[in-house]
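Just below is one structure, and these are the notes that go with it.
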Amino acid sequence: MPELPEVQTVINGLNSLVIGKEIQKIIELRSGTLEWQIPITSLGKIESISRRGKYIILQTSLHYKLVIHLRMTGKLIFERDLDKTSSHSRAEIIFADKTKLIFDDVRTFGKIEVMKKNDDIPALKKLGAEPLSDKFNAEYLINKLRNKKAPIKTVLLDQSVIAGLGNIYVAEILYRCKIDPRKAGKTLRTAQIKEIIKYTKVVLQEAIKHNGTTISDYRSVEDKSGEFQNFLNVYGKKTCECGAEIHKIKQAGRSTYFCNICQS
DNA sequence: ATTGCTTCCTGAGCGC
DNA sequence: TGCGCTCAGGAAGCAA
């Protein structure tokens with residue numbers, strides 16, 4: 001599932017492949033995928049691409065923007081042949097130079113929203129700090145954890161606390177910090193909170209360096225798998241490096257993997 | 001205010 | 001071979 005490193009890898013790919021391309025049209029192949037806030041006949045060229053949390057934002061020259069969320073199985077695949085199709089194509093952005101960007105999404109939760117460049121994106125207003133920014137520091141997280149009775153695992157998945165983490169990276173971060181995912185957020189010591197800050201940045205940067213994690217569906221814009229799955233310590237694992245069994249439990253409906261020897 | 005359950009959806013994997 | 005079941009999960013919406 002695309003989390004921050006996968007989304008960033010997609011953006012890096014888009015930056016080298018679609019900047020400056022004129023959007024001729026966008027075709028919706030499955031209803032509910034594409035949402036037009038306003039009727040638009042011409043979007044213009046793709047001017048810049050940015051990320052906020054797990055959202056991809058494409059700015060166009062005629063003062064519009066496309067806001068894309070891949071959710072669990074969404075992929076943006078660049079294709080030079082207009083006739084090529086994809087097995088679960090939900091929408092296609094057709095460029096004037098006869099290339100296209102396919103939005104492929106098995107589980108159909110992903111969305112593309114077209115809106116005016118200066119309009120607020122409601123979902124973005126709720127997002128917490130970018131984990132790789134200076135705003136994500138000990139003081140910030142201490143404040144956010146102050147009243148959290150919920151387990152730290154659940155808190156770190158909350159996009160209004162940190163924008164961009166998902167189930168895989170939260171598991172890996174807590175493993176590196178040696179913190180039990182079941183521990184209530186507000187009970188963490190300052191030293192532990194500092195560890196979370198540190199390893200969140202370390203793990204995300206390492207994952208970006210390896211083009212993200214591919215468990216099943218995730219692919220880059222050039223349809224390549226990531227490599228960070230080869231460096232996971234707990235997510236989807238049966239045995240810890242220490243030799244102990246990795247525990248798999250449910251927290252707020254999500255699976256959590258951890259080593260109860262190393263993480264206590 | 002906080003938390004966690006349910007919902008959306010499809011395909012993989014499993015037992016029989 | 002094929003059926004039915006469970007599981008995977010990001011985030012919105014809702015209920016406690």
Side-chain angles (χ1 to χ4, degrees), chain A residues 1-10 28-35 37 51-57 67-76 85-91 102-113 120-131 141 143-174 181-188 204 207 212-219 225-226 229 232 234-238 246-258:
Chain A
M1 56 243 77
E3 305 178 32
L4 188 152
E6 291 75 39
V7 174
Q8 188 60 50
T9 303
V10 167
E28 186 181 47
L29 296 166
R30 186 188 194 278
S31 69
T33 306
L34 200 52
E35 203 173 307
Q37 297 298 344
R51 181 188 59 72
R52 176 78 175 98
K54 301 173 195 169
Y55 290 84
I56 298 167
I57 302 138
V67 181
I68 303 174
H69 199 301
L70 303 173
R71 294 292 186 107
M72 270 105 66
T73 55
K75 298 186 254 189
L76 285 170
T85 53
S86 185
S87 42
H88 306 288
S89 183
R90 307 304 184 196
I102 300 173
F103 184 73
D104 182 287
D105 186 13
V106 172
R107 274 173 260 182
T108 72
F109 293 171
K111 293 273 177 298
I112 300 179
E113 207 173 330
D120 275 340
I121 307 166
L124 265 58
K125 286 167 69 172
K126 302 173 198 157
L127 294 181
E130 277 295 322
L141 193 55
N143 241 324
K144 286 284 187 184
L145 292 180
R146 188 151 291 151
N147 296 312
K148 298 284 187 200
K149 265 167 72 181
I152 185 63
K153 152 72 190 304
T154 308
V155 178
L156 294 180
L157 274 182
D158 184 342
Q159 301 300 298
S160 70
V161 176
I162 307 169
L165 300 185
N167 213 28
I168 298 173
Y169 292 108
V170 168
E172 295 301 317
I173 290 162
L174 289 175
R182 297 166 295 183
K183 215 167 154 42
K186 64 177 188 179
T187 65
L188 293 191
L204 292 178
T213 302
T214 298
I215 297 291
S216 59
D217 293 284
Y218 165 71
R219 296 292 184 281
S225 295
Q229 63 278 10
L232 299 177
V234 276
Y235 184 86
K237 302 287 175 189
K238 293 241 184 295
I246 298 286
H247 288 248
K248 185 185 178 189
I249 60 171
K250 284 269 180 199
Q251 289 182 293
R254 305 276 134 76
S255 57
T256 297
Y257 294 85
F258 70 105

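Order of the sequence lines sets the chain letters (A, B, ...), proteins ahead of strands, with each chain counted from 1.
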Rounded to the nearest angstrom, tell me the gap between atom NZ in A/K54 and atom C1' in C/dA12. 14 Å
From the set B/dC9, B/dT3, B/dG11, return the single nucleotide nearest to any side-chain atom of A/R107. B/dC9
Please determine, for the side chain of A/K149, which listed nucleotide (C/dG10, B/dT3, B/dT10) has the closest atom? B/dT3
CE of A/M72 versus P of C/dA12: gap in Å, rounded? 13 Å
Residue A/Y235, side-chain atoms from C-beta onward, closest of C/dA8, B/dC9, C/dA11: C/dA8
Is there a donor-acceptor contact under 3.5 Å from the side chain of A/K54 to the main chain of A/L165? yes
What contact category does A/E3 fall into here, base, sugar-phosphate, or nothing, at under 4.0 angstrom with non-hydrogen atoms? nothing
Residue pair A/H88/A/R71 against DNA chain B: nearer the 5' end by closest nucleotide is A/R71
Taking donor-acceptor contacts at under 3.5 Å, does the side chain of A/R254 reach the base of C/dA8? no
Closer than 3.5 angstrom, by distance alone: can the side chain of A/Q251 be matched with the main-chain N or O of A/K153 as a donor-acceptor pair? no
A/S255 side-chain proximity, nearest of C/dA8, B/dC9, C/dG10: C/dA8
Nearest nucleotide by nearest heavy atom, which residue falls closer to the 5' end of DNA chain C, A/A123 or A/K248? A/K248
Residue A/F109, side-chain heavy atoms: nucleotide from B/dG11, C/dG10, C/dA11 that is nearest: C/dG10
Nearest whole angstrom, please: distance from the P of C/dG9 to the NE2 of A/H69. 15 Å
A/R51 side chain vs A/G53 backbone, donor-acceptor pair below 3.5 Å: yes
Within the 4.0 Å heavy-atom criterion, would you say A/T73 contacts the bases, only the backbone, or no part of the nucleic acid? nothing
Rounded to the Å, how far apart are A/L124 CG and C/dA11 P? 11 Å
In whole Å, what is the span from the CD1 atom of A/I68 to the P atom of C/dG10? 19 Å
How many whole angstroms separate atom CG of A/L165 from atom C1' of C/dA11? 15 Å
Pair A/E6, A/Y169 - check side chain to side chain donor-acceptor pair (under 3.5 Å), show working. CA-CA 11 Å; A/E6 291 75 39; A/Y169 292 108; 2.5 Å; yes
Which nucleotide, C/dA8, B/dT10, C/dG9, lies nearest any side-chain atom of A/R90? B/dT10
Contact class for A/K250 (heavy atom, under 4.0 Å): base, sugar-phosphate, or nothing? sugar-phosphate
For the backbone of A/S86 and the side chain of A/S89, can you confirm whether one donor and one acceptor N or O come within less than 3.5 Å of each other? no
Length of the line joining A/R52:CZ and C/dA11:P, which is rounded to integer Å: 12 Å
First encountered from the 5' end of DNA chain C, between A/K126 and A/N167: A/N167
Would you check if the side chain of A/Q159 reaches a backbone N or O of A/G164 as a donor-acceptor pair within less than 3.5 Å? yes
Taking atom P of C/dA11 as reference, at what distance in whole Å does atom CD1 of A/I56 sit? 12 Å
